[in-house]
Amino acid sequence: MITSNNNAKVKQVVQWQTKAKERRKDHVFLAEGVRMCEEAPVKNVREVYLTEELEQKIRQNAQNGDVAFWDKLQQIGYETVSTEVFAKMADTQTPQGILTVLEQPVYDLTQLLEQPDPLFLMLENLQDPGNLGTMIRTGEGAGITGVIMNNQTVDIFNPKTIRATMGSIFRVPFVYVPDLAPVLEQMHAKGIYTYAAHLKGQEYYDSFSFREPTAFLIGNEGNGLSKEISDQAGQYLKIPMEGRVESLNASIAAALLMYEAHRQRSARL
């Protein structure tokens with residue numbers, strides 16, 4: 001059991017928790033919590049750390065018949081750490097006592113664009129990690145087939161983003177690109193309709209058909225989409241708002257659009 005904060009593995013985990021550069025260099029990300037470890041693909045797991053208290057609890061659950069998680073831990077291996085050390089390694093205020101180190105997944109843009117009947121979320125300069133994680137989680141629920149982001153968008157492997165995905169990070173494909181403009185050109189060439197949530201929109205979002213291949217463009221929380229990208233969108237759309245509200249939270253706007261597409265596509269079946 002690791003009992004010292006000066007342990008090399010502990011120091012490395014702290015580096016991964018706090019620095020995107022270190023995560024990129026080592027091609028890893030961290031996921032805290034029992035559920036995240038349960039859902040993590042075995043092939044992507046590099047290391048697991050858990051407190052002795054949680055180990056005993058999981059072992060006891062296995063003796064009482066709940067063996068699936070215990071068997072998984074036996075398969076992938078783990079290392080126990082003291083409660084004090086785990087507090088150092090964790091990013092949360094009240095950690096559950098288990099942390100998983102995983103290989104960063106890699107997806108191919110060309111393969112994403114070639115999917116049949118795709119539904120994409122395209123993000124430009126999104127900065128809030130919680131917003132991004134919420135969008136990915138909501139996107140899985142709404143049935144999107146991928147998320148495409150420019151390089152100025154917040155790191156998807158930020159610990160706050162990972163927590164907000166609630167496991168959807170393992171199942172929703174995503175790619176970062178230097179510039180969204182060439183991707184939009186590719187989409188248009190492939191017959192994918194692109195829609196920008198924009199204050200200049202003249203028609204409400206529920207007046208459009210999203211049954212065809214579709215991509216929704218969502219911009220920065222404060223500034224929205226850049227003029228270059230919004231000008232490339234095939235169509236502007238707007239979301240009705242009452243009172244003095246001028247805009248919605250980016251993740252809420254994305255959720256409305258994705259679930260309208262889900263509603264329309266489900267009705268088609």
Side-chain angles (χ1 to χ4, degrees), residues 2 9-10 12-20 22-24 26-62 66-83 85-107 121 126 128-144 146-147 149 153-174 176 251 255:
I2 299 175
K9 291 183 177 180
V10 175
Q12 180 63 82
V13 167
V14 173
Q15 289 283 299
W16 288 332
Q17 284 281 27
T18 57
K19 297 182 179 180
E22 289 296 314
R23 293 192 293 269
R24 285 193 296 268
D26 295 326
H27 213 256
V28 302
F29 72 102
L30 307 180
E32 288 189 48
V34 171
R35 177 176 174 178
M36 294 296 283
C37 189
E38 285 178 328
E39 297 189 7
V42 171
K43 63 182 178 62
N44 287 6
V45 175
R46 282 196 184 181
E47 303 166 7
V48 175
Y49 299 93
L50 71 159
T51 62
E52 196 171 27
E53 293 81 0
L54 183 59
E55 179 193 32
Q56 293 173 356
K57 180 179 179 180
I58 297 170
R59 190 193 300 270
Q60 183 63 49
N61 289 342
D66 186 7
V67 300
F69 189 36
W70 177 250
D71 287 347
K72 182 175 184 177
L73 287 176
Q74 297 303 301
Q75 178 185 357
I76 59 182
Y78 63 88
E79 190 152 9
T80 56
V81 301
S82 68
T83 302
V85 168
F86 195 88
K88 177 72 173 180
M89 301 169 75
D91 183 67
T92 53
Q93 293 295 319
T94 55
Q96 293 183 28
I98 185 167
L99 183 150
T100 310
V101 182
L102 299 112
E103 183 85 15
Q104 293 182 4
V106 177
Y107 300 95
L121 194 60
L126 201 77
D128 186 275
N131 274 343
L132 178 56
T134 299
M135 287 181 183
I136 293 168
R137 181 185 180 189
T138 307
E140 181 183 14
I144 64 171
V147 179
M149 303 163 279
T153 294
V154 64
D155 178 21
I156 198 169
F157 300 116
N158 181 296
K160 292 181 176 61
T161 302
I162 298 300
R163 284 199 298 277
T165 70
M166 294 292 288
S168 294
I169 186 69
F170 302 132
R171 298 177 291 273
V172 177
F174 58 88
Y176 281 92
S251 63

Exercise. Considering only heavy atoms from C-beta outward, does the side chain of Asp26 approach that of Gln12 to under 4.5 Å?
Worked result: yes
Considering all heavy atoms, the nearest [X]-[Y] contact:
{"X": "Arg171", "Y": "Met166", "answer": "NH2-O, 4.2 Å"}
{"X": "Met36", "Y": "Phe170", "answer": "O-CE1, 3.4 Å"}
{"X": "Asn131", "Y": "Ser251", "answer": "OD1-OG, 3.3 Å"}
{"X": "Ile156", "Y": "Ile162", "answer": "O-CD1, 3.5 Å"}
{"X": "Ala40", "Y": "Lys72", "answer": "O-NZ, 2.5 Å"}
{"X": "Val154", "Y": "Tyr176", "answer": "O-OH, 2.6 Å"}

I'd like to know if the side chain of [X] and the backbone of [Y] have a donor-acceptor N/O pair within less than 3.5 Å.
{"X": "Gln96", "Y": "Arg35", "answer": "no"}
{"X": "Thr138", "Y": "Met135", "answer": "no"}
{"X": "Glu32", "Y": "Asp91", "answer": "yes"}

Problem set entry | Within 6.0 angstrom of Lys88 NZ, more than 12 heavy atoms from elsewhere | no
For this session: Find the distance between CZ (Phe69) and CD (Gln74) and round it off to the nearest 0.5 Å.
Result: 11.0 Å
Seminar exercise, completed: d(Gln56 CD, Thr51 OG1) to nearest 0.5 Å is 8.5 Å
Problem set entry | Trace of the side-chain contact (heavy atoms from CB on, under 4.5 Å) decision for Glu140 with Thr165 | CA-CA 9 Å; Glu140 181 183 14; Thr165 70; over 6 Å; no
Problem set entry | Test ring pair (Phe, Tyr, Trp, His ring centres under 6.0 Å) applied to Tyr49 - qualifying residues, sequence neighbours left out | none
For this session: Kindly write out the residues that satisfy ring pair (Phe, Tyr, Trp, His ring centres under 6.0 Å) with Tyr107, not counting sequence neighbours, or none if the list is empty.
Result: Phe174
Exercise. Is it true that Arg46 and Glu103 make a salt bridge, defined as a side-chain N closer than 4.0 Å to a carboxylate O?
Worked result: yes
Exercise. If we ignore angles and hydrogens, is there a donor and acceptor under 3.5 Å between the side chains of Glu55 and Thr80?
Worked result: no
